[in-house]
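Worksheet: the structure to be examined is printed underneath.
Throughout, a chain's letter reflects where its sequence line sits, starting with A, and its residues are numbered from 1. Values reported hereafter were calculated over all heavy atoms of this structure, with side chains retained and with hydrogens, waters and symmetry mates removed.
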Amino acid sequence: MTAPHAASATTPHAKTPPAPERIQVIVATDCGSTTTKAILIELVDGHYRQTQRGEAPTTVEAPFADVTLGVTNSVTELQELSGRRLIADDGTVIRRTSLSDPNGCDVYISTSSAGGGLQMMVAGVVRQMTAESAKRAALGAGAIVMDTIAANDHRKPHEQIQRIRELRPDMVLLSGGTDGGDQKKVVELAELIAPAKPRPRFGGEYQLPVIFAGNKDAAPAVERVFGAGFDLSIVPNLRPTLEQENLGPARDRIHDVFLEHVMAHAPGYDKLISWADAPIMPTPGAVGDILQTIAKKRGINALGVDIGGATTDVFSVFDGVFNRTVSANLGMSYSISNVCAEATMPRIMRWVHLSMDERELRNRVKNKMIRPTTIPQTLEALVFEQAVAREALRLSFEQHKAFATTLKGVQQQRTVGDAFSQQAGGGTLVNAMKLDLLVASGGVLSHAPRMEQTALMLIDSFEPEGFTELAKDSIFMMPHLGVLASVHPDAAMEVFEKDCLIYLGTCVAPRGQGKAGKPCFAWELRGAKAARGTMACGEMQLVPLAHDEQCEMTVTPEKGFDMGAGPGKPVTRTVRGGTVGLVLDARGRAIEVPDAEAERRATIQKWLTALHVYE
Amino acid sequence: MAKAFTPGLTVSARTTYRARRVLPIDGSVTVKQGEAVGADTVVAQTFMEGDAFPIKVANMLAAQPKDLPGLMLRQVGEAVRKDEPIARSKGIFGMMKTEVKSSADGTIESVSDSTGMVIVRGPKQPIAVTAYVAGTVVEVLPGEGAVIENTVALVQGIFGVGGEAHGPIAMACKAASEELDADDITPDMKGTVVVGGARMTAAAIKKAKDVGAAAIVSGGIDDQDLRDFLGHDIGVAVTGSERMGITLIITEGFGEIAMAERTFALLSGHAGRVASVNGATQIRAGVMRPEIVVPLADAAAAGQGSGPAMSAGGATAGVLEIGTSVRVIRDPHFGVIGTVTALPEQPAVLGSGSKARVLEVAAAGGQRLMVPRANVELIDG
């Protein structure tokens, strides 16, 4: 048996990045499943700016089987565009010898999701408690959680063993029991996992890494159970008490194991690790880090979404607590058919203002599933895809809200003031009224022909309340900036604000519901733009406000509507413009669409016209 | 730029095909290099470790886990039968003893004195891999399996359900544009690979299954008919493990769509010849498409095909240039087949408002269409 690793905050990475003041030229890559994306960041007139980008196919698969070839190719494109020599004759990334050197960079960093990313299985004693904390730790570290095994997951032990046997995870995270509490249950879980002998994806001599983050007193017994054939690490309990979650050590160890084992077994990664000046991070882990950095720096609540072909990732930071969910099988190409099955066709069609034949649409959906790289050629096809996207995003957000909760199983300390509150442990942390910034990325959002389309898709799916800034990741730079934040947080923030985000504008939407046509709210703008008006229930309106403009805005809701200060109370805030402007949304929350076909289509058409969505 | 790479599906009249047939775990290979094999020939076999059955014995005996080893009637490594007592409590003054019986046939694998759990490992399960395609063993992979090679006609479909099957090709339609309906299926099609033309109807699928056909290959299928047949909707295109008693393969797509003439002509040219088919489809990184493999020669002629050797399940990509035959794979021109007549360098604004690189296709009827490059695939093998 491999000696279990002690809990450690150190990474296996030997290199130490230069001090921030010694960093002026940065090369960052993100090795995705299909494309390796490189960006160049330079200090220009005292400000860090992203100056060039390049991309090349990822080269993890045969016949190349070396990820660094794709890195070299993408950085070569940066070299050609910038005129700065970045690639040496041997294909490696050149470092500068001094700050006056016109060639090379000061730091090279990378993220990776190539080869399917990091795939994990997690286990915990109680599904709603330790197993959920373990899942949070794995997702937060950027993993795909293949399954969660728990003593109370309603599967019989032999079914659990069968499931474990079928999976081929990169690693297993086992938790369970509070420190000083019951040991037996978590050892039983270990006794289920060990005989199942899950085979890691990379096979061969690769010993499956198991991270134990449960009751510290059970560690010796767990160690005995796993014996030979597993690479066991023991880290501090991720749920030392019921009231406390301590995910940091487990997340750090996941990152270490990812580097030591998973990446080291993927083609060319040993070279990539030696090239980089900071540990390679799983792509979603890096995106989560940058979102946390911006939320902390600006003191805001932020939510990010990345909708891909197969999956949708949602990241949130509310009151400083970070959560990430991956909605497997909710995506726009490989998984489009699954979105239609889960959302149901009527819910998708409620966003469509054109007449379409359902049978034909169903065949079209399947044709997109089997030929996922095709793009909509007609407006009708685009409208339908964007309707599907709204439902994929809505379902992903629902899953995120259900997962991003306060700790479950914790007894609430109540005061007399709470006597009438129904809120118990496990309530969602996601609060649409408290959300300050909503960031979009992923093909259907980033590549929509008009920014207004992106803005409306976000509003329809996430239903933000109060004042919410809307933005999109210009060229999917968040992963690069996430890993940069670990080396130079200020540079990462500056580039994030100046080059990464394209601000679409601000959504202004009171919570509440009213009869169509009745007054909803009055508004007034002062500052860069002076204007005022009223909104009736069911209306939408676009007020142009450029991306570099800010205004003071006072919104006075009618009775029964709330902008964050309580029903009927006025709220004044500084609002930011963008490529779209201010979106005034008096449709109420939740957004309701008429059932009758003709009325529904007319209503959707009215909203689309108000926002110039398909003009 | 006059060239671009674009994906395509193979339709080849003659190629060398290699099937790598391996066990999921180590085992023994039952064929020799140079040996002629049929589709049914077992090339490798092994036994997979049996299922594990955990039994909470200490709990059931109301005993302390640490006392469990002393209560076991069967020890680690011993064989047990289902319902055979494996542990017994000491009882009260030797009376009222409780027994725990094994929940399965197998062997006692472990007895835990910390949790009181006993694991019974079930009997090993035999696994065999067949040749799938008739041909010659060109390579033995020790402990794993073998590589079978033959000269074949090969058609890759776009989507399928159901696993490997084989049987003689039976042409059920007279033209590629003819819908495959129940009337086209006859009782003598039992055990055959039925080839239709355009869409296969729900009634045709039902009748083919009823007569015992091995597989159906046709141009298209209606999504609703597929759902009715499977009893559920397919959310993600990862198929092949369905056990429906028949394998279905579509060559073009969902909806009313005719099989490509070239594919239809190729298959009808081999009517009566045995074909191996596999409906397994995986549309993910490392895409896998369904296939129809028709061995052309007996084993002795293996290795005399033309062109590069094709491997089972692989996707292809080729160069898109003026004169290339393509099929449009997205509405509004879905299914149109034509020849590339222009590859403009500059992106064009589509009807959707998006900017994308396009190409011009001269359709069979002479019509010229502008189509995004992402919305075509090559149809030459």
TODO: Determine, step by step, whether B:Asp233 and A:Lys366 satisfy the salt bridge (Lys or Arg N to Asp or Glu O under 4.0 Å) criterion, reporting the C-alpha distance in whole Å, the side-chain angles of both residues, the deciding distance to 0.1 Å, and the verdict.
DONE: CA-CA 10 Å; B:Asp233 198 0; A:Lys366 284 291 189 297; 2.8 Å; yes
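For A:Glu385, the part lying under 4.5 angstrom from a heavy atom of chain B is the side chain only. For B:Lys355, no part lies under 4.5 angstrom from a heavy atom of chain A. No part of A:Lys156 comes within reach of chain B, as not one of its non-hydrogen atoms sits under 4.5 angstrom from that chain. Neither the backbone nor the side chain of B:Val349 comes within contact range of chain A, judged by heavy atoms closer than 4.5 Å.
For B:Glu360, the side chain to side chain contact (heavy atoms under 4.5 Å, CB included) test picks out B:Thr341, B:Ala342, B:Arg368, B:Met370, with sequence neighbours left out. The side chain to side chain contact (heavy atoms under 4.5 Å, CB included) test applied to B:Glu256 returns A:Arg359, B:Glu179, B:Arg199, not counting sequence neighbours.
Using a 4.5 Å cut-off on side-chain heavy atoms (C-beta onward), A:Arg364 and B:Asp331 make contact. Counting heavy atoms from C-beta outward, B:Glu377 and A:Arg371 have side chains that approach closer than 4.5 Å.
Heavy atoms only, all atoms of each residue included: A:Met369 and B:Gly235 are closest at SD-O, 3.8 Å. Of all non-hydrogen atoms in A:Pro195 and B:Arg121, the two that sit nearest each other are O-NH2, 2.8 Å.
Note: A:Ile370 leads A:Ile370, A:Val365, A:Asn338 in heavy-atom pairs under 4.5 Å with chain B. Interface summary for chain A: among B:Pro372, B:Ala104, B:Ser114, the most heavy-atom pairs under 4.5 angstrom belong to B:Pro372. In terms of non-hydrogen atom pairs under 4.5 Å with chain A, the most contact-rich of B:Gly353, B:Gly122, B:Ser110 is B:Gly353. Of the listed residues (A:Val383, A:Leu382, A:Ile336), the greatest number of heavy-atom pairs within a distance under 4.5 Å of chain B belongs to A:Leu382. Contacts with chain A were tallied for B:Gly351, B:Gly253, B:Ala356, B:Ser352; B:Ser352 has the most, counting heavy-atom pairs under 4.5 Å. Among A:Ile161, A:Ile375, A:Val339, the residue making the largest number of heavy-atom pairs under 4.5 Å with chain B is A:Ile375. No other option in B:Thr281, B:Leu350, B:Ile234, B:Ile119 has as many heavy-atom pairs under 4.5 Å with chain A as B:Ile234. Residue with the most contacts toward chain B among A:Lys185, A:Arg450, A:Gln377: A:Gln377 (heavy-atom pairs, distance under 4.5 Å). Between chain B and the residues A:Asn367, A:Val187, A:Leu379, A:Thr378, the largest count of heavy-atom pairs under 4.5 Å involves A:Asn367. Of the listed residues (A:Arg362, A:Glu380, A:Gln160, A:Gln183), the greatest number of heavy-atom pairs within a distance under 4.5 Å of chain B belongs to A:Arg362.
There is no side-chain donor-acceptor pair under 3.5 Å between B:Thr115 and A:Glu188.
A:Lys368 contributes atom NZ, which lies 15.0 Å from atom CZ of B:Phe254 (distance to the nearest 0.5 angstrom).
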What side-chain donor-acceptor pairs closer than 3.5 Å can you find for residues 57-69 of chain B, not counting sequence neighbours?
{"residue": "B:Asn59", "atom": "OD1", "partner": "A:Lys184", "partner atom": "NZ", "Å": "3.2"}

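Inspection of non-hydrogen atoms places B:Ile221, B:Asp222, B:Asp223, B:Arg227 of residues 219-232 of chain B under 4.5 Å from chain A.
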